[in-house]
Number of protein chains: 2
Amino acid sequence: MTATRPKHKEVLDGIVETIIYLYTESRRLTKERARDFGLTGPQLAVIKMLDQLGSLSLSSLSERIRAQNSTVTGIVDRMVREELVLRERSEHDRRIVLIRLTPKGQKLARQIPVEPMEIFRQSLASLPRKDAEELFRVLDSVQARVRLAIDEREREVREEPWT
Amino acid sequence: MTATRPKHKEVLDGIVETIIYLYTESRRLTKERARDFGLTGPQLAVIKMLDQLGSLSLSSLSERIRAQNSTVTGIVDRMVREELVLRERSEHDRRIVLIRLTPKGQKLARQIPVEPMEIFRQSLASLPRKDAEELFRVLDSVQARVRLAIDEREREVREEPWT
DNA sequence: TGCGAATATTTCGCATACGAAATAACCGTG
DNA sequence: CACGGTTATTTCGTATGCGAAATATTCGCA
């Protein structure tokens with residue numbers, strides 16, 4: 001044991017801090033890059049998603065960019081205004097709205113080289129492969145624990161909705 | 001030119017996905033809990049911070065909760081309206097606004113058992129200690145890489161601000 | 001001393017972001 | 001067919017969240 005072993009609480013706080021840093025900074029930078037092309041962060045996410053997957057219903061789109069439907073309605077409104085995407089009603093189920101890129105949106109999507117969270121991705125790619133795999137393994141186990149805690153909490157809420 | 005193991009990209013994508021999941025879900029849950037006490041997420045962060053550190057200037061407060069001054073001005077406005085905090089001008093430097101808890105805010109801060117990102121913290125705490133340390137080590141190295149990339153990018157921008 | 005640069009905060013306009021309620025369309029069962 | 005429950009989306013009100021410009025104050029230095 002050569003290096004002084006850090007206190008456990010400090011390690012945990014450090015992990016939380018670092019995750020917050022990585023998330024917020026990557027997001028900020030992506031937003032900045034998007035702005036060079038006249039887009040906002042979420043707008044970049046949307047055109048990249050649509051370019052990859054073709055047309056999507058509003059709800060599957062909002063699921064993929066992790067936002068509520070009501071949020072995405074607004075984002076799409078502004079993108080329609082900018083002529084980046086189109087709204088079209090599905091033939092089979094007229095409740096569903098399909099969003100797809102206009103030629104202008106398509107062109108822009110392919111022109112912008114940045115993926116969401118790009119800097120984070122690149123930094124990960126430069127890690128030793130072994131470290132990346134280890135990181136993935138541990139993070140995955142944390143995620144499983146969080147999911148469990150969430151399920152538990154939701155079960156509690158469901159069982160006592162009156163209190 | 002080595003034959004890339006097909007798994008590697010998936011590992012990287014998985015890491016990004018998981019980080020996004022952990023951050024957004026923890027945030028969502030904290031917000032939900034705060035709502036039980038009539039607070040928003042950022043408001044909870046603010047009273048916890050002030051309870052720990054005493055009065056803070058607006059800019060040091062915004063630095064700590066990772067938001068812009070202009071954002072925190074609004075948050076504090078609404079908290080003053082709710083009589084959770086006070087604004088007072090510093091004696092020594094009248095540009096500085098010091099924010100501190102009212103008794104009502106103080107009481108609420110001590111009454112709420114939740115820290116920001118609570119679920120994430122708890123899940124981390126249940127990890128094997130060795131895994132936590134490994135996680136910290138690798139994340140820290142990712143963070144260092146991100147910082148480096150950001151510095152580099154900012155240097156470029158500073159050198160060619162006219163293009 | 002005085003004045004221009006620097007610093008701290010606020011204001012403004014806009015874009016998320018969310019949850020609850022409203023709206024529209026579908027579905028199954030009677 | 002009709003109608004009650006479900007599903008997809010939008011609307012509404014409010015709270016972040018940001019960057020640029022405005023405002024207020026302090027500081028450096030000639």
Side-chain angles (χ1 to χ4, degrees), chain A residues 20 23-25 27-47 55-82 84-99 116 157, chain B residues 20 23-25 27-36 38-46 55-82 84-99 116 157:
Chain A
I20 293 175
Y23 181 88
T24 55
E25 281 305 287
R27 212 148 178 273
R28 187 177 64 77
L29 287 184
T30 301
K31 184 182 180 178
E32 223 171 68
R33 287 294 274 142
R35 212 159 59 107
D36 297 343
F37 294 88
L39 297 178
T40 65
Q43 286 173 0
L44 174 58
V46 167
I47 67 172
S55 69
L56 286 175
S57 74
L58 187 122
S59 27
S60 61
L61 184 56
S62 47
E63 197 176 317
R64 276 166 218 269
I65 69 171
R66 268 173 208 284
Q68 299 298 315
N69 288 343
S70 51
T71 302
V72 179
T73 294
I75 293 170
V76 169
D77 281 349
R78 288 176 290 273
M79 293 180 76
V80 168
R81 197 184 61 201
E82 302 292 328
L84 296 168
V85 300
L86 296 174
R87 265 193 178 94
E88 36 192 22
R89 224 76 211 190
S90 158
E91 302 279 315
H92 306 298
D93 184 340
R94 300 178 40 70
R95 290 170 302 179
I96 295 178
V97 171
L98 294 173
I99 321 289
V157 172
Chain B
I20 293 175
Y23 181 89
T24 56
E25 281 305 287
R27 212 147 178 272
R28 188 177 64 77
L29 286 183
T30 302
K31 182 182 183 180
E32 224 170 67
R33 288 293 274 142
R35 212 159 61 106
D36 297 343
L39 297 178
T40 64
Q43 286 173 359
L44 174 58
V46 167
S55 70
L56 286 175
S57 74
L58 186 122
S59 26
S60 61
L61 183 58
S62 49
E63 196 176 316
R64 275 167 219 272
I65 69 170
R66 266 170 209 286
Q68 299 299 313
N69 289 342
S70 53
T71 301
V72 178
T73 293
I75 294 171
V76 170
D77 281 349
R78 288 176 291 271
M79 293 181 77
V80 167
R81 197 183 62 200
E82 302 290 331
L84 296 168
V85 300
L86 296 175
R87 264 194 180 96
E88 36 192 22
R89 222 80 210 187
S90 159
E91 302 278 316
H92 305 297
D93 185 339
R94 300 179 41 69
R95 289 171 301 180
I96 295 178
V97 170
L98 294 172
I99 321 289
V157 172

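The analysis underlying the following values was restricted to heavy atoms, covering all of them including side chains, and did not include hydrogens, waters or symmetry mates. These numbers were taken from a predicted model, which means no experiment stands behind them. Proteins get letters first, then strands, A, B, ... in listed order; numbering begins at 1 in each.
Dashed line: the shortest gap from a side-chain N or O of Arg28(B) to OP1 or OP2 of dG19(C) is not under 4.0 Å. Phosphate proximity of dT7(D) to Arg94(A): absent, as no side-chain N or O sits under 4.0 Å from OP1 or OP2. For dA17(C), the OP1/OP2 oxygens have no side-chain nitrogen or oxygen of Thr71(A) closer than 4.0 Å. Taking 4.0 angstrom as the limit, Arg78(B) places a side-chain polar atom (N or O) nearer than this to OP1 or OP2 of dT16(D). Phosphate proximity of dT16(C) to Gln68(A): absent, as no side-chain N or O sits under 4.0 Å from OP1 or OP2.
The distance between atom CD1 of Ile96(B) and atom C1' of dT25(D), rounded to the nearest whole Å, is 10 Å. Rounded to an integer number of Å, the gap from CG of Leu98(B) to P of dT9(C) is 8 Å. Rounded to an integer number of Å, the gap from CG of Leu58(B) to C1' of dT7(C) is 13 Å. Whole-Å rounding puts the Glu82(B) CD to dT14(D) P distance at 12 Å. Regarding Leu44(B), its CG atom lies at a distance of 11 Å from the P atom of dT16(D), rounded to whole Å. Here the C1' atom of nucleotide dG17(D) and the CZ atom of Arg27(A) are 10 Å apart, to the nearest Å. Distance CD1 (Ile65(B)) to P (dG17(D)): 7 Å, rounded to an integer number of Å. Residue Leu61(B) contributes atom CG, which lies 14 Å from atom P of dA8(C) at whole-angstrom precision.
Arg87(A) approaches Asp77(A) most closely through the heavy-atom pair NH2-OD1, 2.8 Å.
Comparing dG19(C), dA20(D), dT16(D) by their closest approach to the side chain of Ser70(B) singles out dA20(D). Side-chain proximity of Pro42(B) to the nucleotides dT16(C), dG17(D), dT9(D) is greatest for dG17(D).
Across the interface with DNA chain D, nearest-nucleotide mapping of Arg81(B) and Ala67(B) shows Arg81(B) to be the residue nearer the 5′ end. Along DNA chain C, the nucleotide nearest Ser60(B) and the nucleotide nearest His92(A) are compared for position; the residue whose nucleotide lies closer to the 5' end is Ser60(B). Both Lys31(A) and Ser57(A) lie close to DNA chain D; mapped to their nearest nucleotides by heavy-atom distance, the more 5′-ward contact belongs to Ser57(A). Residue-to-nucleotide proximity on DNA chain C shows that, of Asp93(A) and Met79(A), the 5′-proximal contact is made by Met79(A).
Crowding of Glu63(B) atom CD: a count of heavy atoms from other residues, nucleotides or ligands under 6.0 Å not exceeding 12. Residue Arg66(A) places its CZ atom among more than 12 non-hydrogen atoms of other residues, nucleotides or ligands, all under 6.0 Å distant.
A side-chain donor from one of Asn69(B) and Ser62(B) sits under 3.5 Å from a side-chain acceptor of the other.
Contacts of Thr40(A) with the nucleic acid, taken as non-hydrogen atoms under 4.0 Å apart, involve only primed sugar atoms and P, OP1 or OP2. Residue contacts for Asn69(B): at a heavy-atom cut-off of 4.0 Å it reaches a base atom on one of the strands shown.
Note on Arg28(A) versus Glu32(A): salt bridge recorded, some NZ/NE/NH1/NH2 to OD/OE distance being below 4.0 Å.
Formation of a donor-acceptor pair under 3.5 Å by the Arg89(B) side chain with backbone atoms of Leu98(B) is not found in this model.
A donor-acceptor contact under 3.5 Å links the side chain of Arg95(A) to the base of dT7(D).
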